[in-house]
Amino acid sequence: MTGDGALRIATWNVNSVRKRMGRLVPWLESRSPDVVCLQETKVEDDLFPEEALREAGYHAAILGQKTYNGVAVLSRHPLEVVSRNLGDGGDDTQARLLDVRTGGLRLIDVYIPNGKEVEDPAFVYKLEWMARLARYLEVRCDPGEPLILCGDFNVAPEPIDLHDPVGGDGKVLFHPDEREAFARFLRWGMVDTVRHHHPDTPVFSFWDYRRLAFPRNEGYRIDHILVTRPLLPRCREAFVDREARKGKEPSDHAPVVAVLDPL
DNA sequence: ATGGTTGCTTAGCAA
């Protein structure tokens with residue numbers, strides 16, 4: 001809590017929730033977010049550390065699987081699940097989406113496929129999944145409703161969003177096709193909160209474990225909190241919590257936080 | 001430099 005009733009909404013790819021509990025719980029205690037969307041929990045639902053997180057003060061909605069992927073939404077308030085995965089008749093075998101209502105808000109937590117390499121079939125799957133998500137917004141959501149779409153999008157939207165936009169052009173995370181798929185979310189009616197509040201500031205949310213990328217600040221801004229227009233006047237600030245990437249055994253991603261004025 | 005590191009699961013995959 002910020003002490004004035006503001007809501008803190010966060011998204012964090014933790015790269016295994018069980019491995020990261022020693023950092024996640026102190027982070028929850030120090031930052032006191034109201035809602036936290038997690039990605040890459042990498043755990044089946046019956047092994048999710050729900051009790052420890054309950055003791056830290058959070059309800060949880062979870063959609064996990066063994067070894068890979070997995071999303072969860074933690075909230076100070078009880079959660080109602082609107083949808084687990086896209087539910088459109090396409091492949092839903094990977095745990096990548098949770099659509100929930102909590103504390104008077106609707107949030108969609110996504111872990112968009114990484115895509116591996118542009119030449120890989122996984123990249124085709126990524127583009128198809130993003131098109132399915134756009135369709136999900138069109139069919140099951142309304143740009144006139146207060147809605148938050150956040151998570152690991154695995155897309156750096158603009159040149160400012162990666163350390164080497166020339167070298168990265170046409171590669172995974174910054175390919176024109178995935179940038180266009182991301183732009184479609186914005187055209188539908190979502191606003192990128194971090195970029196809205198910091199139009200000209202390079203900020204990254206992911207640094208590869210390899211190549212000493214973090215100390216060199218060779219990063220990408222691929223984790224996003226998007227909001228529909230009705231929420232924008234309430235969004236006071238949005239930022240990357242870079243401190244959470246420092247120190248021993250970090251995730252390769254930092255949390256992104258948006259601060260909303262109360263209704 | 002098709003390099004490098006981390007996590008899950010145990011040698012190979014995903015990121």
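The chains referred to below are lettered A, B, ... by the order of the sequence lines, with proteins before strands, and numbering in each begins at 1. Small disclaimer: the values here were computed from a predicted structure and weren't measured.
Distance CD (Gln39(A)) to P (dG7(B)): 17 Å, rounded to an integer number of Å. Look at NE2 on His253(A): it is 18 Å from P on dT5(B), rounded to the nearest Å. In this structure, the CD1 atom of Ile222(A) is 11 Å from the P atom of dA15(B), given to the nearest Å. Between Arg210(A) atom CZ and dT2(B) atom P the separation is 13 Å, expressed in whole Å. The CZ atom of Phe153(A) sits 17 Å away from the P atom of dA15(B) (whole-angstrom rounding). Distance, Asn13(A) CG to dT6(B) C1': 12 Å, rounded to whole Å. Distance, Phe123(A) CZ to dA15(B) P: 13 Å, rounded to whole Å. A straight line from CG of Leu212(A) to P of dG3(B) spans 17 Å, rounded to a whole angstrom.
Going from the P atom of dT5(B) to that of dT10(B) covers 23 Å, rounded to whole Å. Nucleotides dA15(B) and dA1(B) are separated by 27 Å at their P atoms, to the nearest Å. The separation of dA11(B) from dT6(B), taken at their C1' atoms, amounts to 15 Å, rounded to a whole angstrom. Comparing dT9(B) with dG3(B), their C1' atoms sit 24 Å apart, to the nearest whole Å. Taking the P atoms as reference points, dC8(B) lies 22 Å from dG4(B), given to the whole Å.
Considering only the side chain of Arg211(A), dG4(B) comes nearest among dA14(B), dG4(B), dA15(B). The side chain of Tyr209(A) has dT5(B) as its nearest neighbour among dT9(B), dC8(B), dT5(B). Counting only heavy atoms from C-beta on, Arg18(A) has its side chain closest to dT9(B) among dT5(B), dA14(B), dT9(B). For Lys116(A), taking side-chain heavy atoms from C-beta onward, the closest of the listed nucleotides dT9(B), dT6(B), dA14(B) is dA14(B).
Within 4.0 Å (heavy atoms only), Tyr111(A) reaches sugar-phosphate atoms of the nucleic acid but no base atom. Residue contacts shown for Arg20(A) are limited to sugar-phosphate atoms, with no base heavy atom under 4.0 Å away.
No more than 12 heavy atoms of other residues, nucleotides or ligands shown are found within 6.0 angstrom of CZ on Arg135(A).
Between His224(A) and Phe182(A), the angle of the ring planes lies from 30° to 60°, which puts this pair in the tilted group. Using bins of under 30°, 30° to 60° and over 60° for the plane-to-plane angle, the ring pair His175(A)/Phe123(A) lands in the perpendicular bin.
Each of Lys19(A) and Glu40(A) was matched to the nucleotide of DNA chain B holding its nearest heavy atom; the match closer to the 5' end belongs to Lys19(A).
A cation-pi arrangement is present between Arg76(A) and Tyr58(A) under the rule of less than 6.0 angstrom and at most 45 degrees off the ring axis.
A salt bridge links Arg179(A) with Glu158(A): at least one charged nitrogen is closer than 4.0 Å to a carboxylate oxygen.
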